[in-house]
Enquirer: 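One structure follows; several queries about it will come next.
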Amino acid sequence: MRGGRATHAVIVGNGIAGYTAALRLRHMQPEWRITMVSGESTFPFSRPALMYVFLGHMRYQDTKPYEDRVWRDVRIDLVRAWVEEIDVGGRRLSVGQHKIMEYDRLLLALGSKPNKFGWPGQDLDGVQGFYSLADLDRMTRTLRRTRRAVIVGGGLIGIELAEMLHSRGIPVTLLVRESSYWNNILPKEESEMVTALIRAAGFDLRLQTELKEVVDDGHGQASAVVTSTGERIECEFVGLTAGVSPNIELAKRCGLPVGRGVLVDRSLQTRDASVWAAGDCAEIVGEAGQRGLVQQVWYTGRMQGDVAAAGMAGSPRAYDPGVWFNSAKFLDLEYQVYGSVNLSVPGERSSYWERQDGRASLRLVHKDAALIGVNAMGLRLRHEVCERWIREAAPVHHVIENLSEANFDPEFFRRREPEIARALEGQLA
Amino acid sequence: MSIVGEHTSACDEEHHALVDPGSSRSPSGSWGVRLGSGLIVLGLLALLAAIEGQQEGRVVLGLVGFGAIACGAAGTFVAVWSQRFAASNNHGVFFRSAQSQGIVAWALAVGMTGFYVILYWFPERLERMTHLLDPVATLLAGRAADHWFLYGFVYTIAVLVFGLRMLVKHRGNPYQLWRTASLMAFQLGFAFLLPHLMELARQPEFYFTYFWPLKWSYVFPSGVSELRGHPGGLGVFLLVWSAVASLVATPVLTYYFGKRWYCSWVCGCGGLAETLGDPLRHLSSKSSTAWRIERVSIYAVLGFIVLTTALVWTHASGHAPWLGGAGRRLSDWYGFFIGSVFSGVVGVGFYPLLGSRVWCRFGCPMAAVMGLQQRLWSRFRITTNGGQCISCGNCSTYCEMGIDVRAYAQKGENIVRASCVGCGVCSAVCPRGVLNLENGRTHGDRMVGHQGPWTRLLAEPPFKSTDAERPQHRKRHS
Ligand SMILES: Cc1cc2nc3c(=O)[nH]c(=O)nc-3n(C[C@H](O)[C@H](O)[C@H](O)COP(=O)(O)OP(=O)(O)OC[C@H]3O[C@@H](n4cnc5c(N)ncnc54)[C@H](O)[C@@H]3O)c2cc1C
Ligand code: SF4
Ligand code: SF4
């Protein structure tokens, strides 16, 4: 607090990490002044929903998690501007071109940036990642003159982008380094399932193929790509979806320690006692010799925003992400994962069932007969049950016998537990 | 040093061009679509010729016209929707004028509203069209067609044709298939064929699937005495049916399954909303203001009909001569304002502007009663899958009842709302499989969320400024 004024907490970035922190902080400190600054939008929106705006499922305003009036009601000031500099020692930052804002506590929730690996031509017009509202704008403009598109890199955003382009009738080629789609994350069978699905949807999927360069049309616009196999593919749009990296420029510029991300301790505090970092941009420093923890999904952003707010409010807590989980959708195929899957844990084994049509599967990963991970495709599982089983290291036999407890499919969907149980049990022996 | 950070007003909306449907080149010109639309056009021409014409065969021409329109629409729907996979069901919804309150939507709304106005107050204008259906009416009810027959006929065709669209669209989702099939069967069988066949058999024209308070007249003294006076035991049976349906079956079924057993499986208004109205379901307002209006208006209508029913009975009992014609006048008003204007003109006519369930959400007294029970004493709830919600908003957007489903899902809370008709579409559109309609083993645990370690995390801080300020308040007063 300065000069008797209320303590001022400033949050830079209004993504899931930033806005969770803002709301939690308001809850813990009803009297503080809280300001949330973001360059991308005034009001928070759901980043994973960007594709649905493009597809016409929703309007932009439908992707906001809260009605606009909520922010006024809870007295969180929203400022749309880019933060250019932070004077960490003087506890103030410059917002936009000329304005200076003083803070008592600062949270950096800056998110990520799409990776660019120094490909020749990567900065040409028509070449872009897919991360922000500005990317969506840019993409919309480029598509007016696009006859063919190339997407570089697999993963979840790659397939989302392919689906988006496909919806506008634009032929898509996907260049993927791996030998099967996303097999650095998905186990072999599931990866093959997704690969088959992508091909069935009519996308031109090139495996074990990388981008060599993007060709300039002479006016600064992309006109083709050249692949690692030497092939040239004419295209006006090039989507870069080879992963994202923490957005650390601002922190680096103001002298805060950075590694892969903005370095923080277990309570998400940076080396400066008034600055915290959370969400995609943060790297939690591990024990000596261990790699730091960077987590770049929605729910970890939320958990980290919550922990950072507790620290800012004066009651720090250690970040404990609990049992890992995530979910996504490949075109029509829903995917859920819990715990450790495909991480090559020494001594792990897995039991796998796949539906005859190759459009649904279940994998239980276990070690010493105890469950450590679950991977489901085309089935809905109950989070709380899978989480409990893994947390309590449930015997895999118990899990197989009680599969129906974890079933979260809608009513009237065919239940296949007996068939699944038979298949899984058979592989245990 | 200047300080920024004044309150941003809600109207400081970022304007993003974001989407430019103009570059859309989605393939929609399959031969099936062309054939279907061709049939529709021919059908319309035939119908027009039949209405305007004087020639001998105009009745046949008219029936052919009706048939061609229905078959053409059905064919188009099958051709379009069988090409799509479930995740692409809502592609382009907000780009189409007809589906996003554009000029086409306004034209449709004017047309539909106009149809209701003519139907209720100027039926003679429909006479030439009505008589095209004489052969059908003779076959089913043993009499010439009147404008209500025309209405029932068109309504039923709409439910069947757009129901087919739902069946193809949701072919991978058994919940949607069963309930749509059920709505179609109830509309065709119980709301159209059976009442007319009863007429044919010289029995009262009775709708088994409508009861008080939705179908108020059955329990009015006039309705009761008419049924009671009917020769043979059927009239009495129908009376007992009505009473059991509203007083026993409704509460019991609502206890076990929520109000969806009626609103999304049986009801004719629901039937139209879930079929003809499905392409417009996202237009319902999700604002908290709309919710506030809903809570006032739906219970006001319920109060209105309860009062009216009480008054007409008091009057009929002869014990309160001072009431005079109050009961009659009230029931006339109810019939005009609620029965005709609200449920018909606004309820259906405004589909393209306000969405498909305006009547069900803001007006229907049956929904009000079942909604109260669903909120307080029912096993039905929508459960939320742990921490999987990504706050995308698809569920809220496609909830025809304007429920902000996401507000609950992102907190990990069960959704237990009086207005939820259990259509299951929120669950169908959720890209992360977060939502599930369930009947619990008891009603006691319906408000409970999941119990995982993230419960505390998801439980959001309070949102109302009054809540946020409460600690201060306490300090000041203690
Ligand atoms: C297309 C897409 C789909 C995704 N889908 C999923 C999914 O299905 N499930 C899942 O778990 N995760 C998904 N993710 C990942 C998830 O969205 C991110 O992990 C999450 O949004 C990160 O939240 P955050 O708050 O850390 O950062 P962000 O959401 O990136 O927010 C950071 C904000 O800070 C702003 N900012 C940065 N620097 C400054 C500055 N100097 N001044 C002012 N403002 C600044 C940025 O503009 C941005 O608005 C997806 C990501 C993308 C791009
Ligand atoms: S909450 Fe879901 S099930 Fe209920 S009415 Fe809305 S969309 Fe239908
Ligand atoms: S419940 Fe599903 S549809 Fe609704 S906001 Fe969450 S992820 Fe989106």
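Letters go in sequence order (proteins before strands), and every chain restarts at 1.
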Enquirer: Check each atom of A:L381 against the heavy atoms of chain B and say whether the ones under 4.5 Å are side chain, backbone, both or neither.
Expert: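 The answer is the backbone of A:L381.
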
Enquirer: Please rank B:G424, B:G393, B:C392 by heavy-atom pairs under 4.5 Å with chain A and give me the top one.
Expert: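 So the answer, after comparing B:G424, B:G393, B:C392, is B:C392.
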
Enquirer: Under 4.5 Å heavy-atom distance to chain A, tell me which part of B:T383 shows up: side chain, backbone, both or neither.
Expert: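 B:T383 touches chain A through backbone and side-chain heavy atoms alike.
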
Enquirer: What residue, out of A:Y335, A:F408, A:F45, A:W298, has the most heavy-atom pairs lying under 4.5 Å from chain B?
Expert: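 Maximum pair count with chain B is reached by A:F408.
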
Enquirer: What part of A:F330 gets closer than 4.5 Å to chain B, counting heavy atoms only: side chain, backbone, both or neither?
Expert: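 For A:F330, there is no contact with chain B at all, as no heavy atom is under 4.5 Å.
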
Enquirer: Which answer fits B:D404, side chain, backbone, both or neither, if we ask what part of it has an atom under 4.5 Å from a heavy atom of chain A?
Expert: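 Contact with chain A involves no heavy atom of B:D404 at all.
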
Enquirer: For the atom pair SG (B:C389) and CZ (A:R302), what is the distance rounded to the nearest 0.5 Å?
Expert: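 Answer rounded to 0.5 Å: 7.5 Å.
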
Enquirer: Counting only N and O atoms by type, is there a donor-acceptor contact under 3.5 Å from the side chain of B:R406 to the main-chain atoms of A:K64?
Expert: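 Yes, because the side chain of B:R406 sits within donor-acceptor range (under 3.5 Å) of the backbone of A:K64.
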
Enquirer: Can you tell me how far CZ of B:F94 sits from CG of A:L55, rounded to the nearest 0.5 angstrom?
Expert: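 A:L55 atom CG to B:F94 atom CZ measures 12.5 Å (nearest 0.5 Å).
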
Enquirer: I want to check something: taking the side chain as every heavy atom from C-beta on, are A:H57 and B:Y398 in contact at a cut-off of under 4.5 Å?
Expert: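 A:H57 vs B:Y398: side chains touch.
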
Enquirer: Non-hydrogen atoms of chain A under 4.5 Å away: do they reach the side chain of B:V434, the backbone, both or neither?
Expert: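 When you check distances to chain A, only backbone atoms of B:V434 fall under 4.5 Å.
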
Enquirer: By a 4.5 Å heavy-atom criterion (distance strictly below it), what part of B:L435 contacts chain A: side chain, backbone, both, or neither?
Expert: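 Just the backbone, heavy atoms under 4.5 Å.
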
Enquirer: Under 4.5 Å from any heavy atom of chain B, what part of A:N326 do you find: side chain, backbone, both or neither?
Expert: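 For A:N326, backbone heavy atoms alone lie under 4.5 Å from chain B.
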
Enquirer: Closest heavy-atom contact between B:P174 and A:F412?
Expert: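 So the minimum-distance heavy-atom pair works out to CB-O, 3.3 Å.
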
Enquirer: Can you sort out the partners of B:S285 under side-chain hydrogen bond (donor to acceptor under 3.5 Å, both in side chains), two or more places apart, ordered by chain and number?
Expert: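 Testing B:S285 for side-chain hydrogen bond (donor to acceptor under 3.5 Å, both in side chains), a comparison that skips the adjacent residues, returns B:S287.
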
Enquirer: At a heavy-atom separation under 4.5 Å, does A:Y52 approach chain B through its side chain, its backbone, both, or neither?
Expert: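 Just the side chain, heavy atoms under 4.5 Å.
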
Enquirer: So for B:T397, is it side chain, backbone, both, or neither that comes closer than 4.5 Å to the heavy atoms of chain A?
Expert: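 The side chain, not the backbone.
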
Enquirer: Tell me, side chain or backbone of A:D409 under 4.5 Å from chain B's heavy atoms, or both, or neither?
Expert: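 Contact with chain B: backbone only.
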
Enquirer: Heavy atoms only: give me the nearest B:S391-A:Y19 pair and the separation to one decimal.
Expert: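 Looks like OG-OH, 4.0 Å.
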
Enquirer: With a 4.5 Å cut-off on side-chain heavy atoms, are A:P410 and B:N436 touching?
Expert: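 Heavy-atom side-chain distance check passes, below 4.5 Å.
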
Enquirer: Could you tell me which non-hydrogen atom of B:F85 sits nearest to which non-hydrogen atom of A:L331, and how far apart they are?
Expert: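 Smallest interatomic distance, heavy atoms only, reads CE1-CB, 4.1 Å.
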
Enquirer: Can you sort out the partners of A:D62 under side-chain hydrogen bond (donor to acceptor under 3.5 Å, both in side chains), two or more places apart, ordered by chain and number?
Expert: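 For A:D62, the residues satisfying side-chain hydrogen bond (donor to acceptor under 3.5 Å, both in side chains) (neighbours in sequence not counted) are A:R59.
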
Enquirer: Determine the minimum heavy-atom distance between B:S288 and A:E67, stating which atoms define it.
Expert: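 Closest heavy-atom pair between B:S288 and A:E67: OG-OE2, 3.0 Å.
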
Enquirer: Would you say the side chain of B:H91 lies within less than 4.5 Å of the side chain of A:E163, judging by non-hydrogen atoms?
Expert: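 When only atoms from C-beta onward are counted, B:H91 and A:E163 do touch, with a gap below 4.5 Å.
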
Enquirer: Considering all heavy atoms of both residues, which atom of B:I390 and which atom of A:S46 are nearest to each other, and what is their separation?
Expert: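 That would be O-OG, 2.9 Å.
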
Enquirer: Could you check which of B:V93, B:N394, B:N439, B:V429 has the highest count of heavy-atom pairs closer than 4.5 Å to chain A?
Expert: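 Most heavy-atom pairs under 4.5 Å with chain A: B:N394.
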
Enquirer: Is the shortest side-chain heavy-atom distance between A:K329 and B:R432 below 4.5 Å?
Expert: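 Counting from C-beta outward, A:K329 and B:R432 do come under 4.5 Å.
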
Enquirer: Using a 3.5 Å distance criterion without hydrogens, assess whether the side chain of B:Q410 forms a donor-acceptor pair with backbone atoms of A:P65.
Expert: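 Yes, B:Q410 side chain to A:P65 backbone: donor-acceptor pair under 3.5 Å.
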
Enquirer: Please determine, among B:E438, B:R96, B:Q388, the option with the most heavy-atom pairs under 4.5 Å with chain A.
Expert: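 Winner by heavy-atom pair count: B:Q388.
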
